[in-house]
Every structure is written in structure tokens, then in C-alpha cells.
Amino acid sequence: QSLNENASGSRTGALVPPPILEKLEKIDVNPPKGTRDFPPEEMRLRSWIFHNFREVSRLFGFEEVDYPVLESEALFIRKAGEEIRDQLYSFEDRGNRRVALRPELTPSLARVVIQKGKSVSLPLKWFAIGQCWRYERMTRGRRREHYQWNMDIIGVPGVMAEAELISSIVTFFKRLGITSSDVGFKVSSRKVLQEVLQCYSIPEHLFGKVCVIIDKMEKIPLEEIKTELGSAGVSEKAIVDLLQVMSVKSLSELEEKLGSAGDAIVELKQLFSLADKFGYSEWIQFDASVVRGLAYYTGVVFEGFDREGKLRAICGGGRYDKLLSTFGGDDIPACGFGFGDAVIVELLKEKGLMPELNLQVENIVCPLDQELQGAAATIATILREKGQSVDLVLENKPLKWVFKRAARINASRLILVGNSEWQKGMVKVKVLATGEQYEIELNQLE
Ligand SMILES: Nc1ccc(Br)nc1
């Protein structure tokens with residue numbers, strides 16, 4: 001409705017006041033349940049963490065990628081009883097399509113690699129930092145979103161790829177001041193389970209489901225694990241053998257059980273030897289109980305844990321050689337990990353490693369009276385074009401207010417634009433850390 005139209009839309013010539021917006025009930029100013037706002041202080045911490053994710057990815061020669069937060073639901077529908085499936089944030093869109101907020105990034109990566117087909121040369125080393133979602137009954141009051149750093153190597157069948165990925169996470173931890181006394185990696189291989197199960201001719205399509213059940217070992221009672229394995233079609237004898245191999249305490253004990261020729265042992269030995277060459281042996285340990293909860297892992301699996309045992313897994317990953325072919329793509333070997341943005345913050349707090357991150361502005365520019373606002377804008381632009389950050393005072397404010405703001409934004413310099421100086425093409429500069437002040441010609445400012 002334009003100004004000179006009345007409510008019925010006819011033009012009257014007289015100015016009709018705009019309709020007063022109906023008084024809204026006070027909206028809920030909190031973000032939706034399970035989600036977070038990132039106001040400046042929280043955003044500085046998040047940006048600092050992401051900067052370190054990106055720096056490590058750069059050091060390892062990885063390329064950044066991203067995908068839509070919204071994906072076809074079909075990408076995540078796996079019949080392996082995974083928690084990630086039970087908590088899928090899915091809905092039907094206005095085009096009656098089944099879609100979902102991505103719970104993880106790997107299926108999107110697989111989709112794009114297949115989409116690119118022969119146009120990309122292997123190996124691919126891609127990383128992403130993406131928000132992932134789950135819809136969980138708020139009974140447990142857990143978050144419904146988090147940001148995950150993913151690093152994936154596509155097209156390398158050997159465990160050199162897994163060794164490289166673990167090295168990148170060690171590099172990240174070290175950058176944050178976290179040491180191998182604070183965290184470690186539990187490392188195993190699903191080929192351990194595979195070698196046990198192959199003696200019982202368990203159909204291959206059940207393998208993922210069996211792993212998902214075994215991943216719940218420390219979370220639900222053993223009897224329930226056995227019941228679930230039984231109903232998944234695993235025989236009593238196989239269950240006994242499975243649980244036995246899960247409790248093996250060392251690689252040598254595993255070797256006694258499985259022999260030295262199987263892939264599981266050969267690959268794990270290679271991995272531990274490479275860890276020594278990368279220089280992170282003290283960070284990793286064999287732990288047969290690690291299987292991870294995603295159905296598509298097929299080989300080496302690992303997870304980062306805090307040695308005090310106070311926190312949930314910090315990160316996790318592994319090899320998923322069959323994922324692309326389950327999506328109809330070629331059989332391309334792949335491995336990767338996910339690293340969430342929440343547990344790491346709890347760890348930094350635990351270890352007293354939270355960074356001091358304050359807003360830093362180099363200059364605050366203030367006109368000493370209204371007529372000099374234009375001059376102040378000119379000065380701000382000159383400084384900004386020199387790459388200097390400027391907080392420009394935008395309204396007529398008393399000096400007391402300006403000094404207070406300068407302190408709050410941690411400005412290094414206060415640039416005062418006064419009439420008498422400006423007449424001479426000068427400005428007054430005050431170095432806030434030392435109190436030193438001087439007049440300077442505008443073109444001398446840098
Ligand atoms: N997959 C997933 C997504 C979101 C959160 Br919070 N945790 C796990």
C-alpha cells in the first residue's frame with residue numbers, strides 16, 4: 001500500500017499514514033532448541049578453531065569443499081540401525097521431496113566424487129567445515145547442531161592414507177597446545193571383525209549392522225548386545241568369538257588369535273610403523289574395542305579420546321572403501337575423519353588452554369564536531385585503503401564516550417579530527433597504550 005493509497009487501495013491524494021504494524025507478542029529471543037547463537041565472543045573462539053582447522057588442512061595440501069546443508073534424505077537412509085539414522089532431521093519439502101539436514105558430511109562427499117566421475121584425478125584430498133544436524137528428543141538436552149571438520153583422502157587403498165589423516169589431527173592438537181599426555185587415539189580395524197565373521201559365513205550386507213551393534217558395547221548391557229546380534233542373524237558361537245576378539249589387549253595377542261597373514265594385522269602393523277616415522281607413536285594405541293558407530297567403515301577405524309576419560313570422543317574416522325559403490329559409483333577406496341567443534345572446547349577448558357581473543361581495531365576516528373563528519377569519513381577511507389582497521393565514530397559523542405569506546409574495542413590509536421588542525425590538513429593522534437599524542441599531516445598517516 002503506497003503512501004497516497006487508502007486501505008482499499010484507491011488513491012485519495014491525501015497522505016495516508018502507513019499502517020501501524022500490529023503489536024507482536026514479545027518473540028522468543030533464544031535460538032531454536034539445541035542450536036547456538038554465535039555473538040562476537042563465541043564467534044571469535046569458533047573462528048579461531050576454524051582457522052586452525054584450515055591451517056592444518058593447508059599444511060597437508062588439502063582443498064576446501066562444501067555441500068548443501070540440505071540433502072536428499074536418501075543419502076542417509078542406511079538400514080544398519082545407526083543412531084545417526086534414528087535422529088535424522090528430515091522432512092518433506094513443498095515439492096513433496098524427502099529431504100534432510102545433513103547429519104554428517106561423508107555421504108555428500110561421496111555424492112560429489114561420483115558426480116565428478118573421471119573429471120577429477122585421484123587421489124583427492126578434500127576438507128570441509130560444515131554444520132551438521134540431528135533431531136534428538138530434547139529429553140537428553142543435547143545439542144542438535146555442531147560444526148564438523150572433515151578431512152578425506154579418496155583413491156588411496158593403503159594405510160598411508162590413514163596414517164596421514166591421524167598425523168593431521170596430531171598437528172591440530174599440537175597447534176592448540178594439547179599434548180599426547182592429554183589425548184590419544186584408539187586405533188583398530190573392522191577387518192578384525194571381518195576375519196572373525198568370515199568363518200561364520202555372515203552375509204556381507206549384515207557386516208555394517210553387526211559393527212553398529214558392537215559399537216554400543218560400552219553403552220548398553222552385554223546381554224542386549226548379544227540379543228541384538230542374535231536377531232541380526234549372528235550365531236551364538238560367532239557372538240562368543242566376536243566378543244572375545246573385542247577384548248584382545250594388544251596387537252601381538254591379536255596376531256596370536258588371527259595369525260600374521262590377515263589384512264587386519266598386516267595393515268595395523270604398517271600403520272603403527274608409519275606412526276613412528278610420522279613421529280606420533282606416543283599418541284596412538286591399539287584398542288580392539290574401537291569399531292565406531294557408522295555402518296560404512298570397512299577397515300582401519302580410530303578415535304581421539306581424552307586420557308582423563310571425562311569427555312566423549314573428540315574426533316573419529318576410518319576407511320570406507322565401499323561407500324561410493326553403495327551409491328552406484330565405482331569401487332573407489334576412501335578414508336576420512338570428522339572432528340566436532342564442541343568437545344574440543346570442553347577439552348581446552350579442562351586443560352586451561354582457552355585462547356585470549358579480543359576485538360582488535362587499529363584506529364578509532366572521531367570528528368570533534370558535526371561539521372567534521374565528512375573529514376572523518378575521508379580519513380577513515382584513507383586508512384582503510386592502507387589496510388588499517390578503523391572504527392569510525394558515527395554520531396556526535398562526548399570525548400568521554402569516545403575514550404570509553406576506544407578502550408572497549410582495544411583501539412591502538414585515537415585519531416581526533418579538530419577544526420584548527422583540519423584547516424592545516426592535520427589531525428591529532430593519541431597512542432592509547434602510551435598516552436603519547438601528536439599532530440600529523442593527513443598524507444603522513446599510516
Ligand atoms: N551427527 C551429529 C549431528 C549433530 C550433532 Br550435535 N551431533 C552429531
Side-chain angles (χ1 to χ4, degrees), residues 30-38 42-43 45-46 49-50 53 65-91 98-112 126-152 165 169 208-209 211-213 215-216 218-220 290-297 301-306 310-318 320 323 326-327 334-349:
N30 294 306
K33 274 192 182 317
T35 70
R36 298 164 292 174
D37 292 320
F38 288 91
E42 285 73 10
M43 194 62 201
L45 177 61
R46 175 176 135 185
I49 292 171
F50 287 18
F53 285 159
V65 294
D66 197 3
Y67 326 95
V69 176
L70 186 74
E71 283 277 15
S72 160
E73 183 187 47
L75 216 55
F76 310 110
I77 300 290
R78 301 187 289 261
K79 298 177 178 51
E82 295 155 287
E83 183 182 72
I84 207 167
R85 165 87 178 76
D86 306 338
Q87 298 172 344
L88 198 57
Y89 212 131
S90 57
F91 57 97
R98 292 295 306 168
V99 288
L101 295 181
R102 65 189 176 195
E104 54 167 331
L105 300 172
T106 310
S108 301
L109 173 139
R111 175 176 63 73
V112 170
W126 288 358
F127 85 92
I129 303 173
Q131 193 173 34
C132 296
W133 295 81
R134 68 182 171 195
Y135 188 86
E136 189 179 58
R137 301 265 163 267
M138 279 321 273
T139 41
R140 289 163 59 175
R142 293 201 301 176
R143 277 171 299 99
R144 285 189 174 149
E145 53 78 22
H146 72 173
Y147 284 83
Q148 255 197 36
W149 172 41
N150 275 217
M151 295 260 275
D152 291 88
L165 290 175
I169 309 174
K209 185 174 207 163
C211 292
V212 169
I213 295 168
D215 177 61
K216 295 186 276 190
E218 274 125 35
K219 298 152 201 163
I220 64 175
V290 175
V291 277
R292 299 297 294 164
L294 292 170
Y296 50 68
Y297 288 130
V301 283
F302 54 87
E303 69 189 30
F305 70 100
D306 77 295
K310 290 183 181 171
L311 308 173
R312 304 182 307 287
I314 303 163
C315 56
Y320 51 95
L323 184 61
T326 59
F327 286 165
C335 59
F337 68 80
F339 194 123
D341 71 332
V343 180
I344 185 64
V345 172
E346 294 170 44
L347 181 70
L348 289 171
K349 285 176 182 167

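The figures that follow rest on heavy atoms only: side chains count, while hydrogens, waters and symmetry mates do not. Note that ligands are numbered from 1 as they come in the structure, with each ligand's atoms numbered from 1 the same way.
In summary, the aromatic rings of Phe50 and Tyr147 are positioned with their centroids under 6.0 Å apart.
Between the side chains of Tyr320 and Asp152, at least one donor-acceptor pair of N or O atoms lies under 3.5 Å.
Between Trp149 and Phe339, the angle of the ring planes lies from 30° to 60°, which puts this pair in the tilted group.
Counting only distance, with no hydrogens or angles, the side chain of Glu145 and the backbone of Arg36 share a donor-acceptor pair below 3.5 Å.
For the pair Ile84/Arg78, a side-chain contact is recorded, criterion being any heavy-atom separation below 4.5 Å from C-beta on.
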When you check ligand 1 against the protein, what N or O pairs turn up below 3.5 Å? List the atom names and distances, or just say none.
unit_1: ligand 1; atom_1: 1 (N); unit_2: Pro103; atom_2: O; d: 2.8
unit_1: ligand 1; atom_1: 7 (N); unit_2: Arg134; atom_2: NH1; d: 3.4

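A cation-pi arrangement is found for Arg46 relative to Phe38, the charged atom lying closer than 6.0 Å to the ring centre and inside a 45° cone about the ring normal.
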